[in-house]
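Indexing begins at 1, ligand by ligand and atom by atom, following the structure's order.
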Amino acid sequence: MTSTQARHTRRAVLQAAVDASARCAAADPDQWFREDNEPQMTWQARRAEAIRVCTGCPARAACEELALRNGDGNSRVDDMVRGGLSGTELAAVRTAQAERLAAAVDADRDTEGRLLDDLSVELRAQAGLNPDGRRNGGRLCQDENRTEQNLRIRALAASIRQIRTARRARAGWGVAA
Ligand code: SF4
């Protein structure tokens, strides 16, 4: 996911991307935060290492966008890293993009956005199902399962497309909403 795509993606999808591929998931989360009274020199070295890890993280764009929508970072306190940016950098981006972020947060809250998120989650779940492993009435019905799964996936994809098309038309966005 690129930064541009992340900006037009709803919160649940962003969170799913972070949950699926965050490079920091297996690390100590404290490494991304400055300790109380930690000397600036020590923190600078740890901050640089955290940013280095973030730079190669496949979820970086989604993580940064979530951090911005969550209001992470403080212009006066250098004490964290998220999405490859320090807390002060996040605060600067939030200020520069305040209008866009307010609209994104509003969209995250709206009913249509929640429906879109739910449909996207179900679509991913359906696509990940193994139709050959499901049983019906005690015996394998692989063909029926595949047909049923394909129909459901098509229906979900059509619903998502319809909602996104309507949102793009209303918002004037050029990419997926
Ligand atoms: S960008 Fe950095 S903070 Fe965000 S999920 Fe990846 S490693 Fe973690």
Side-chain angles (χ1 to χ4, degrees), residues 1-110 112-129 156 160 163-164 167-168 171 173-177:
M1 182 186 299
T2 66
S3 294
T4 302
Q5 288 167 334
R7 289 178 187 184
H8 299 297
T9 299
R10 296 282 71 81
R11 167 177 291 276
V13 180
L14 295 171
Q15 189 62 57
V18 171
D19 291 345
S21 56
R23 281 187 73 185
C24 56
D28 178 357
D30 288 345
Q31 292 304 309
W32 275 256
F33 294 93
R34 188 175 186 173
E35 293 173 6
D36 289 343
N37 302 318
E38 181 174 1
Q40 179 67 16
M41 192 177 292
T42 314
W43 166 239
Q44 271 180 1
R46 292 204 306 112
R47 185 184 61 195
E49 175 58 15
I51 290 173
R52 188 190 67 76
V53 174
C54 290
T55 301
C57 177
R60 196 206 60 73
C63 179
E64 178 188 341
E65 180 65 17
L66 277 176
L68 293 170
R69 291 186 200 177
N70 289 343
D72 287 346
N74 185 321
S75 61
R76 295 183 302 278
V77 185
D78 175 22
D79 65 351
M80 65 175 291
V81 169
R82 196 164 169 219
L85 298 178
S86 68
T88 51
E89 288 171 331
L90 283 168
V93 175
R94 274 197 290 111
T95 300
Q97 300 182 10
E99 195 174 336
R100 177 191 76 75
L101 287 166
V105 170
D106 279 350
D108 281 335
R109 287 198 196 101
D110 75 17
E112 192 181 51
R114 281 197 298 275
L115 174 61
L116 192 54
D117 290 342
D118 290 345
L119 290 169
S120 299
V121 168
E122 189 183 346
L123 178 61
R124 279 198 306 278
Q126 282 288 334
L129 283 178
L156 287 165
I160 290 169
I163 293 171
R164 283 180 169 164
R167 289 171 73 91
R168 280 201 300 272
W173 287 343
V175 294

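Between E49 and R46, no side-chain nitrogen of the basic residue sits less than 4.0 Å from a carboxylate oxygen of the acidic one, so the salt-bridge criterion is not met. Residues R82 and D72 are paired through a salt bridge, judged by an N-O separation under 4.0 Å between the basic side chain and the carboxylate. Using a 4.0 Å cut-off between a side-chain N of Lys or Arg and a carboxylate O of Asp or Glu, E38 and R47 do not qualify as a salt bridge.
The shortest heavy-atom contact between A17 and A62 is CB-CB, 4.0 Å.
Protein atoms of type N/O/S that fall under 2.8 Å from atom 2 (Fe) of ligand 1 number 1 in this view.
Side chains of S86 and T88: a donor on one and an acceptor on the other come within 3.5 Å.
You'll find the side chain of R7 stays beyond 4.5 Å of the side chain of L101, heavy atoms only.
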